[in-house]
Colleague: 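Below is the structure I would like to discuss, written out as structure tokens.
Ligands are counted one by one from 1 in listed order, and the atoms in each one are counted from 1 as well.
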Amino acid sequence: MSKSIAGFSKLSKSKKIDWIVDTYFSNGETAKNVLKQYWNSDEKLQQLHDEFIENTITNYYLPLGVAPNFLINNRMYTIPMAIEESSVVAAASKAAKFWLDRGGFKTKVISTTKIGQVHFSFLGDFKKLEAFFNHIKPKLYSDSENITKNMTKRGGGIVSIELRNKTTDIPNYYQLHVSFETLDAMGANFINSCLEQFAKTLKSEALDYKVFSENERQIDIIMSILSNYVPNCLVRAEVSCKVEELAESNGISGDAFAKKFVQAVNIAEVEPYRAVTHNKGVMNGIDAVILATGNDFRAVEAGVHAYAARNGQYSSLTHAKIENGIFKFWTEIPLALGTVGGLTGLHPLVKLALEMLHNPSAKELMEIVAVAGLAQNFAALRSLTTTGIQQGHMKMHLMNILNQFEATKDEKQTLTTYFKDQTVSHNAVIEALNKLRQNIEK
Ligand code: MEV
């Protein structure tokens, strides 16, 4: 069993590394060198990264790629994507180019409010609690004014505060259910600070509320936290064109392609096993842009999947139909994003990514991210319903296998040409690489 350690967080970075290396590695020097390889030579930049989290020992790189040619609401974008999976960026670029020639993407933000809740226990009469809530409501607003004043000045803030009776689910359980508008900020800190203030006011005002009995005065705050379920922070992205404009270069008619495509979407709408993979493809695009723009992909993932299951069964995030000869493909997706605060002003690559996107507002970023998801899903379904996914995928995978076997630049070039009309498999690549190396040795 490995050793435990007290006071690890207090150690210096090099002492932390020493402990890790001594505890877990037989060849400590090699491990140290791997970690150091990823340190930035610019000490200030390294310090910035060290301080993003706790106990940092090195940096973990992901490639930052770009997908050009996105026409969104008649404006051109090159979308930055941070992702490790091969073929995602290529697929996004391909879908962008495809729709560039067919009018581009159209988007619309439907709503932008976010929710936070104070969860509490109250032992007593609900009617009295309701009266108490109405009595202290102005104080809930006024006590949080120092937190909300700047946001309110800019047009955001608290939208509504509701008291919810949840006692049919759990005895004595109630909530303050609060809607917020956080403008260009993702707003997690703002929302949580407001909620913690509401909790304080709720608790202290109850102690002085004469109408309550002794028991009723003891409101017990369980927790105060924002919700990552944001069905009212919703954006729509859509593409459409005449069915005949969908004709594929490989001989499939526009009509046949459109019908197959709609069938594939319909399957994801009714079959959870398929819906999960279908939505995973959507999230390939979404997460990559979320990461590149310094947003919280865990929050978005949790919220999006809850939304996909909102009708009681997990279902597709995208939809498609053919109507009067027009093919239409769209998504409506909840995205709580920020373009100010958090990492957005701190991480140099995030700043660069946002500038590349014309420094969008949070609403514009919602639109761009939704487009990335829709484009990714379009590319995946287009491959799946025509050539199959492996053809394109394995071509991209070829480079990963070649890198794994440390192929030289020349070897990569030769084998990329060779595999243009060959099936890529792990074994086939190794065999071809070995053959090439043997031939060169001869
Ligand atoms: C792979 O990362 C994503 C796909 O499986 C998505 C899909 O099946 O729609 C190709």
Colleague: As an exercise, identify every atom of ligand 1 less than 4.0 angstrom from a heavy atom of T277.
Modeller: 5 (O), 6 (C), 7 (C), 8 (O), 9 (O)

Colleague: Could you verify whether a donor N or O on one side chain and an acceptor N or O on the other, from N427 and S425, lie under 3.5 Å apart?
Modeller: no

Colleague: Please check if atom NZ in K259 has more than 12 non-hydrogen atoms from other residues, nucleotides or ligands closer than 6.0 Å.
Modeller: no

Colleague: Please list, in number order, the atoms of ligand 1 under 4.0 Å from a heavy atom of A380.
Modeller: 9 (O)

Colleague: Taking side chain to side chain donor-acceptor pair (under 3.5 Å) as the cut-off, I'd like each qualifying pair that reaches into residues 226-236, sequence neighbours left out, listed once.
Modeller: R236-E238, R236-E332

Colleague: Polar contacts were defined as any N/O atom of the residue lying under 3.5 Å from an N/O atom of the ligand; does this apply to H278 and ligand 1?
Modeller: no

Colleague: Atoms of ligand 1 less than 4.0 Å from N284 heavy atoms?
Modeller: 1 (C), 2 (O), 3 (C)

Colleague: Within the side chain of Q313, is there an N or O that forms a donor-acceptor pair under 3.5 Å with the backbone of P272?
Modeller: no

Colleague: Would E364 and H358 count as a side-chain contact (heavy atoms from CB on, under 4.5 Å) if you check the C-alpha gap in whole Å, the side-chain angles of each, and the deciding distance to 0.1 Å?
Modeller: CA-CA 10 Å; E364 285 160 345; H358 313 294; over 6 Å; no

Colleague: Can you name the side chain to side chain donor-acceptor pair (under 3.5 Å) partners of K328, sequence neighbours left out?
Modeller: none

Colleague: Could you tell me, atom by atom, which parts of ligand 1 come under 4.0 Å of a heavy atom of K280?
Modeller: 1 (C), 2 (O)

Colleague: Pick from F105, F98, W330: which one makes a ring-ring contact (aromatic ring centres under 6.0 Å, His included) with F378?
Modeller: F98

Colleague: Classify the contact between R274 and ligand 1 as side chain, backbone, both or neither, using a heavy-atom distance cut-off of under 4.0 Å.
Modeller: side chain

Colleague: What atoms of ligand 1 come closer than 4.0 angstrom to any heavy atom of L384?
Modeller: 7 (C), 8 (O), 9 (O)

Colleague: Between N377 and ligand 1, which residue portion shows a heavy-atom distance shorter than 4.0 Å: side chain, backbone, both, or neither?
Modeller: neither

Colleague: Quick check on contacts: which atoms of ligand 1 are under 4.0 angstrom from a heavy atom of E85?
Modeller: 1 (C), 2 (O)

